[in-house]
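A quick write-up on the structure given underneath.
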Number of protein chains: 2
Amino acid sequence: MSRRKVPQVVIPRLSLYYRAILESRKELVSSEELSKLTRFSPSQVRRDLAYFGQFGRPGMGYKTEVLKSSILKILGLDREWKVVLVGAGNLGSALLSYKGFLSQGFRICHAFDSRPVKIGKRINSVTVKDIRELPGVIKGSGIKIAVITVPSEAAQGVAQLLIANGINAILNFAPVRLNLPRGVTALNIDLSIELERLAYFLARTY
Amino acid sequence: MSRRKVPQVVIPRLSLYYRAILESRKELVSSEELSKLTRFSPSQVRRDLAYFGQFGRPGMGYKTEVLKSSILKILGLDREWKVVLVGAGNLGSALLSYKGFLSQGFRICHAFDSRPVKIGKRINSVTVKDIRELPGVIKGSGIKIAVITVPSEAAQGVAQLLIANGINAILNFAPVRLNLPRGVTALNIDLSIELERLAYFLARTY
DNA sequence: TAGATTGTTAATCGATTAACAATC
DNA sequence: TAGATTGTTAATCGATTAACAATC
């Protein structure tokens, strides 16, 4: 096993390998086949997998089942992750209802908002609670993942509240860079930035 | 002006520089200050900007107004981009209602769905139309950007329909890699992949 | 054994950073 | 002039790819 530091970009590729394997009905799969399915190069497929162990056999390829369970374990999907959502506006409610979000071992089990009009709403069997109840509900619950779908101005405060109550992984939809202590990871999904990337591409073409 | 090829990663950073500048009330801003605001290194700030021209003055910094309008133009935000959305389910409806999505010169002006229950719905002053009306509505309209919020199975077909009708920039929320002809750009926003990145991080910590 | 394909090394490619001459 | 800061070069760092010995 090569124990070099794993580049961050490898992880999302693992997710894509995993999806490709799920679709494969064969018992063995080669880096060549995974390459066809994912459009990453065969070299890259082998290199990426080799960061985590020796899963294949020269001359044969990878056993589909072995690869499937190995990646599942590497990605930490061999368990259920409870998720808390803060901000039950349009986007937050959509995520609560979004089936694809629940799959793969993630489950939103609490939702919070500060607006009286949102509190008490029941979406997809989750009742929106008052943000002031957050500490009581999640502290010590073992919940580690939060989704932030509040307006920009509120995001940093919410992040701090979450972290103070045991959260250390955040999916942030507010278009601000969060200031975080070491040990806490946040990934930003910033729709305006993506649209602007498209606009840049178009602006040069037209 | 250094005319080297602009790395793709520079573009989202430009968006962040732009936001930082919007918040700045000063007439001049240095790479050092932009670095503080964005957490990219001063070198990187200067390098990134230099891909597009000489916007600053040695010893002084960058004129805020010059930088603001320059980046706006580079990103193609000096005009309005009409956007078409396909898939008026939970996520699609949320994006239609989402204020942050409309800002910065993007405007969703048409929405389509194939389900009778969605057709006719009015969300944020956009009426959802039957997908079969799409060609008649958008062909020749000059609309270049589409947002895809349909289920995975439908995404590829929708993409082809859109491209056949003049779209060449796609923001795709369906968790599939789209097969696209040259000249068409798609950016994928894949919530499961992001959650899995968080799970990977947590799995190694706990 | 012959053919196939891994895991890994070395070479290449690309992006970031440090350093500094140019210049305001 | 002295101090500040850009734009750019060269050095560094990191990721991808090509090639191939090992081995099934």
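Proteins get letters first, then strands, A, B, ... in listed order; numbering begins at 1 in each. Side chains are part of it too, since the values below use all heavy atoms of this structure and drop only hydrogens, waters and symmetry mates. These figures come from a predicted structure and were not determined experimentally.
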Phosphate OP1/OP2 of D:dG14 contacted by A:Gln8 side-chain N/O (<4.0 Å): no
Contact under 4.0 Å: A:Arg47 side-chain N or O vs D:dA19 OP1/OP2: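 Checking D:dA19 against A:Arg47, no side-chain N or O comes under 4.0 Å of OP1 or OP2.
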Once you round it to whole Å, what is the distance between [atom2] of [N] and [atom1] of [X]?
X	N	atom1	atom2	result
A:Phe55	C:dT5	CZ	C1'	17 Å
A:Leu28	D:dT23	CG	P	19 Å
A:Met60	C:dG3	CE	P	18 Å
A:Gln44	C:dT6	CD	C1'	16 Å
A:Gln54	C:dG7	CD	C1'	6 Å
A:Leu67	C:dT6	CG	C1'	12 Å
B:Asp48	D:dT8	CG	P	14 Å
B:Leu49	C:dT17	CG	P	15 Å

Pair A:Glu27-A:Thr64, side-chain donor/acceptor within less than 3.5 Å: no
Charged tip of B:Arg19 within 45° of B:Tyr17 ring normal and under 6.0 Å: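 Here B:Arg19 fails the 6.0 Å and 45° test against B:Tyr17.
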Pairwise 5' ranking along DNA chain D for B:Glu32 and A:Arg46, keeping only the more 5' one: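 Closest to the 5' end, via its nearest nucleotide, is B:Glu32.
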Base-pairing assignment for D:dC20 (Watson-Crick or G-U wobble, both under 3.5 Å): C:dG7
Counterpart base for C:dG14, defined by Watson-Crick or G-U wobble contacts under 3.5 Å: D:dC13
Test: B:Lys36 and B:Glu33 ion pair at under 4.0 Å: no
Salt-bridge contact A:Asp48-A:Arg13 (side-chain N to carboxylate O under 4.0 Å):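 Yes, charged N to carboxylate O under 4.0 Å.
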CA sep, side-chain torsions, deciding dist, call: A:Val176, A:Gln156, side-chain contact (heavy atoms from CB on, under 4.5 Å): CA-CA 8 Å; A:Val176 285; A:Gln156 180 64 42; over 6 Å; no
Could you work out which one of [options] sits closest to the side chain of [X]?
X	options	answer
B:Pro7	C:dA15, D:dG7, D:dT16	C:dA15
B:Ala50	C:dT16, D:dA15, D:dG7	D:dG7
A:Tyr62	D:dG7, C:dT8, C:dT6	C:dT6

Sugar-phosphate only, base, or nothing, as touched by B:Ser43 at under 4.0 Å among non-hydrogen atoms: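 Base contact.
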